[in-house]
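Read the structure below first, then the notes.
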Amino acid sequence: MKISKINGKGVYVPGNDIDTDRIIPARFLKCVTFDELGPSLFYDVRFDAEGNSKNHVLDQPQHKGAKVLISDVNFGCGSSREHAPQALQKFGISAVIAESFAEIFHGNCTTLGIPCVVMRQEDRQKLVESIELDAEADLIIDLESLKVICANNSYDISMKDSAREALLAATYDPLDTLLSEKERIDATARRLGYL
Amino acid sequence: MAKNLFQKVWDNHLVGQLDSGQYQLFIGLHLIHEVTSPQAFGMLRDKGLRVAYPNRTFATVDHIIPTDDQTRPLADDMAEKMIQVLSDATAEHGIEFFAPESGSQGIVHVVGPELGLTQPGLTICCGDSHTSTHGAFGCISLGIGTSQVRDVLASQTLAMDPLKVRRIRVEGELGPGVTAKDVILYIIRILGVNGGVGFAYEYAGSVIEAMSMEERMTVCNMSIEGGARCGYINPDATTYEFLQDKERIPEGAEFDALVDKWQSCASDADATYDDEVEIQASDIEPTVTWGITPAQAISITEVTPDPQAVEGLDRSLITDALEYMQLPPNTPIKGTGIDVAFIGSCTNGRLSDFQAVAKFLAGKKVASNVKAIAVPGSEKVDVAARALGLDKIFEAAGFQWRKPGCSMCLAMNPDKLVGDEVCASSSNRNFIGRQGSPTGRTILMSPLMVAAAAIEGEVADARVVFGLE
Ligand code: SF4
């Protein structure tokens with residue numbers, strides 16, 4: 001499925017170097033499928049030791065159902081675990097806007113069809129302010145024109161070319177393409193002595 | 001044209017270029033474990049696919065295995081289920097599984113090298129960021145996500161963007177008590193947690209060349225903490241000598257032929273790099289972290305940073321980190337009280353790590369308020385250490401000697417920090433909550449420094465505690 005536009009509410013989770021352990025604490029990695037991860041997203045910042053809500057932005061009523069997560073520098077650093085983007089996706093997040101992203105996290109998100117969009121600090125600040133004024137405001141990420149539109153404002157964004165192309169061409173999940181090269185794969189294996 | 005190792009191994013394994021612009025790379029060795037891989041078998045099943053090259057994939061369990069009582073079924077139902085799912089899936093697809101008590105089980109990045117599965121010139125993947133460890137042998141070794149584990153299982157290939165290569169030369173000679181761990185913590189401190197984004201790191205120079213394979217693995221292990229996609233060291237006589245007697249390595253003429261092949265993968269003398277960094281060994285001292293990323297590190301003789309001395313983003317990063325760690329600014333890190341001491345993990349859980357510490361433990365005792373645990377990285381490390389009587393030396397000093405696993409490196413097994421305990425840890429990550437308590441505090445350091453901290457009950461200079469100067 002081609003991904004060119006994301007449309008939904010935005011929510012700002014501030015912080016630099018938000019690592020994958022914070023996005024999904026390690027104890028929730030005990031699973032044999034990813035299906036149940038959504039509720040554990042950012043668990044330790046959302047809930048106290050007794051499991052009571054700390055009224056984190058993600059749990060505030062005006063931000064319920066948000067589809068676009070906005071954050072700061074180096075989002076998703078740390079582990080290569082796909083549990084982090086899987087938890088975001090299962091929670092309902094369809095795109096992330098940040099100053100920058102950690103590389104493996106970025107790759108994992110792209111494979112799942114979650115665009116990682118880069119927006120400059122001043123623009124993000126303006127965008128966050130407009131969301132704070134109106135949490136229900138519709139936020140549109142347009143990957144074709146590389147713009148975000150929200151509350152009548154337009155913001156420039158950028159994206160890694162290969163990721164953008166893969167999302168627009170619906171080739172972000174590479175498995176079918178990889179498998180179609182079966183003959184060349186086997187030839188490579190033979191050449192390298194693996195067969 | 002002269003090439004570096006990365007370019008040679010990449011070109012060798014290249015299947016072709018994909019329409020997306022990415023490249024398709026054949027994967028020579030695929031390692032899997034119970035946390036990130038069972039889900040991939042489910043994805044295969046959903047698509048009706050089989051494993052393409054089952055003899056190029058090997059499985060182990062490490063993250064969730066308890067280190068006190070490993071009797072099956074495990075007390076933790078979910079942990080037991082994860083092992084079971086992996087065991088069933090590997091059996092179904094004809095993949096070799098190093099189960100607990102098989103004699104070969106252990107942390108995936110300890111097991112690959114010690115069996116001789118990890119070899120120079122390979123492309124290696126594992127659903128685990130510290131796959132960079134294997135680069136110590138001269139490989140392209142990449143941590144991947146679960147969907148990519150699925151891709152490798154189904155096709156034995158990976159879609160990849162090419163990387164730039166930065167050569168980091170560490171020249172000179174390390175001082176007494178300064179270890180491979182201090183070298184890599186220093187490199188990350190200098191280049192930052194994002195310094196390596198888009199790069200493979202080639203570690204070189206006289207200090208790296210003089211290192212044993214286990215020390216080289218410690219360095220490569222933490223490449224990922226510096227943001228690099230992978231790290232490697234050119235194979236040399238040290239590499240071949242290490243591999244010679246390993247279980248999965250052929251003998252005689254076949255071995256000699258392998259060595260020739262391996263040697264041909266090493267970077268050419270006149271190879272070029274996208275970036276070069278030179279580091280002087282004499283600048284490196286025993287290094288410890290004070291914050292919540294591995295780059296937030298200082299030498300044992302320094303003071304914690306002062307947020308007021310910097311501006312903007314840096315100020316808030318330092319303020320937040322010090323606040324979380326409950327450390328005052330501008331204060332010596334030496335003397336910071338600890339509650340737990342942990343020696344182990346894929347960074348520093350190999351035989352030589354325990355040997356290096358055992359040498360100095362005789363007649364010493366862990367401080368009474370410190371819980372100290374030593375956790376071998378694999379069953380083979382455990383057996384070898386016991387044969388040398390290391391377990392007894394550690395126990396006599398007040399350490400608990402555990403069964404192999406990831407243990408306190410991350411909180412997926414019963415070994416966890418409680419509350420805001422401070423842990424002197426030989427592992428690789430000091431992220432918030434990493435060791436199992438949302439308020440737990442981790443101070444990364446070398447095994448020798450962990451031992452010194454355990455004995456003093458506070459962060460200490462191993463050179464002083466063990467009379468190394
Ligand atoms: S020891 Fe730690 S870093 Fe290494 S594989 Fe286990 S959990 Fe990961």
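Chain naming here is simple, since letters A, B, ... match the order of the sequence lines and numbering starts at 1 in each.
Across B:Ser147, B:Gly21, B:Pro438, the residue that shares the most heavy-atom pairs under 4.5 angstrom with chain A is B:Ser147. Annotation: maximal heavy-atom pairing with chain A below 4.5 Å, among B:Leu410, B:Val35, B:Leu86, B:Asn413, occurs at B:Val35. Interface summary for chain A: among B:Gln22, B:His130, B:Arg56, the most heavy-atom pairs under 4.5 angstrom belong to B:Arg56. Taking chain A as the reference chain and counting heavy-atom pairs below 4.5 Å, the highest number among B:Ile64, B:Thr146, B:Val85 is found for B:Thr146. Note on A:Ala166, A:Ala84, A:Ala189, A:Pro85: by heavy-atom pairs under 4.5 Å with chain B, the leading option is A:Ala189. Taking A:Ile185, A:Asp161, A:Thr171 one by one and counting their heavy-atom pairs under 4.5 Å with chain B, the maximum is reached by A:Ile185. Your options are B:Ser37, B:Gly198, B:Ala79, and the one with the most heavy-atom pairs under 4.5 Å with chain A is B:Gly198. Between chain B and the options A:Ala169, A:Gly78, A:Ser162, heavy-atom pairs under 4.5 Å are most frequent for A:Gly78.
Put simply, the side chain of B:Gln148 reaches to within 4.5 Å of the side chain of A:Asn108, judged on heavy atoms. No side-chain heavy atom of B:Gln24 sits under 4.5 Å from any side-chain heavy atom of A:Thr177. Annotation: side chain of B:Leu163 is in contact with side chain of A:Glu103 (closest heavy-atom distance under 4.5 Å). A 4.5 Å side-chain heavy-atom check between A:Phe101 and B:Val197 finds every atom pair outside the cut-off.
Contact annotation for B:Phe41: neither backbone nor side-chain heavy atoms come within less than 4.5 Å of a heavy atom of chain A. Neither the backbone nor the side chain of B:Leu142 comes within less than 4.5 Å of any heavy atom in chain A. Neither the backbone nor the side chain of A:Ala163 comes within contact range of chain B; no heavy atom of the residue lies under 4.5 Å from a heavy atom of that chain. Of the atoms belonging to B:Arg434, heavy atoms from both backbone and side chain fall under 4.5 Å from chain A. Only the side chain of A:Asp176 comes within less than 4.5 Å of a heavy atom in chain B; its backbone stays farther off. Of the two parts of A:Arg22, only the side chain, counted from C-beta on, holds a non-hydrogen atom closer than 4.5 Å to a non-hydrogen atom of chain B. Both the backbone and the side chain of B:His13 come within contact range of chain A, judged by heavy atoms closer than 4.5 Å. Contact annotation for B:Asn12: both backbone and side-chain heavy atoms come within less than 4.5 Å of a heavy atom of chain A. Looking at B:Asp76, the atoms closer than 4.5 Å to chain A (heavy atoms on both sides) all sit in the side chain, from C-beta outward. Looking at B:Lys416, there are no atoms closer than 4.5 Å to chain A (heavy atoms on both sides), in backbone or side chain.
We find the CZ-CD distance between B:Arg150 and A:Glu82 to be 8.0 Å, quoted to the nearest 0.5 Å. Rounded to the nearest 0.5 angstrom, A:Thr188 OG1 and B:Ile27 CD1 are separated by 11.5 Å. Between the CG atom of B:Leu317 and the CG atom of A:Asn74 there is a distance of 10.0 Å, given to the nearest 0.5 Å. To the nearest 0.5 Å, atom CG of residue A:Asp173 and atom CE of residue B:Met43 are 9.0 Å apart. For the atom pair CD1 of B:Ile144 and CD1 of A:Ile104, the computed distance is 9.5 Å after rounding to the nearest 0.5 Å. One finds the CG atom of B:Asp151 at 7.0 Å from the OG1 atom of A:Thr111 (value rounded to the nearest 0.5 Å).
Around NZ of A:Lys90, the count of heavy atoms belonging to other residues, nucleotides or ligands within 6.0 Å exceeds 12. With a 6.0 Å radius and a threshold of 12 heavy atoms from other residues, nucleotides or ligands, B:Gln17 has its CD atom above the threshold. Counting non-hydrogen atoms of other residues, nucleotides and ligands closer than 6.0 Å to CG of A:Asn152 gives a total of 12 or fewer. Heavy-atom neighbours of B:Lys261 NZ from other residues, nucleotides or ligands within 6.0 Å: at or below the threshold of 12. Residue-environment remark: CD (B:Glu323) stays at or below the threshold of 12 foreign heavy atoms within 6.0 Å. When the shell of 6.0 Å around CD of B:Glu254 is examined, it contains 12 or fewer heavy atoms from other residues, nucleotides or ligands. Summarising the local packing, NZ of A:Lys5 is surrounded by 12 or fewer heavy atoms from other residues, nucleotides or ligands at distances under 6.0 Å.
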List the steps and the verdict of side-chain contact (heavy atoms from CB on, under 4.5 Å) for A:His83 and B:Thr36.
CA-CA 8 Å; A:His83 300 65; B:Thr36 54; 4.1 Å; yes
Evaluate side-chain contact (heavy atoms from CB on, under 4.5 Å) for B:Thr157 paired with A:Glu181, printing each intermediate quantity in order.
CA-CA 10 Å; B:Thr157 64; A:Glu181 298 295 341; over 6 Å; no
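Evaluated for a side-chain contact (heavy atoms from CB on, under 4.5 Å) with A:Leu178, the options B:Leu25, B:Val152, B:Leu18 yield exactly one hit, B:Leu18.
In terms of heavy-atom proximity, A:Leu179 sits nearest to B:Ala154 at CD2-O, 3.4 Å. Closest approach of A:Arg191 and B:Leu14 over heavy atoms only: NH2-O, 3.6 Å.
Of residues 9-21 of chain A, those residues lying under 4.5 Å from chain B by any heavy-atom pair are A:Asn16, A:Asp17, A:Asp19, A:Asp21. Contacts from residues 24-34 of chain A to chain B, taken as heavy-atom pairs separated by less than 4.5 Å, involve A:Ala26, A:Arg27, A:Leu29, A:Lys30, A:Cys31, A:Val32, A:Thr33, A:Phe34 in sequence order. The interface of residues 132-140 of chain A with chain B, defined by heavy-atom distances below 4.5 Å, is empty. When the heavy atoms of residues 52-73 of chain A are compared with those of chain B, the residues falling under 4.5 Å are A:Val73, listed by number.
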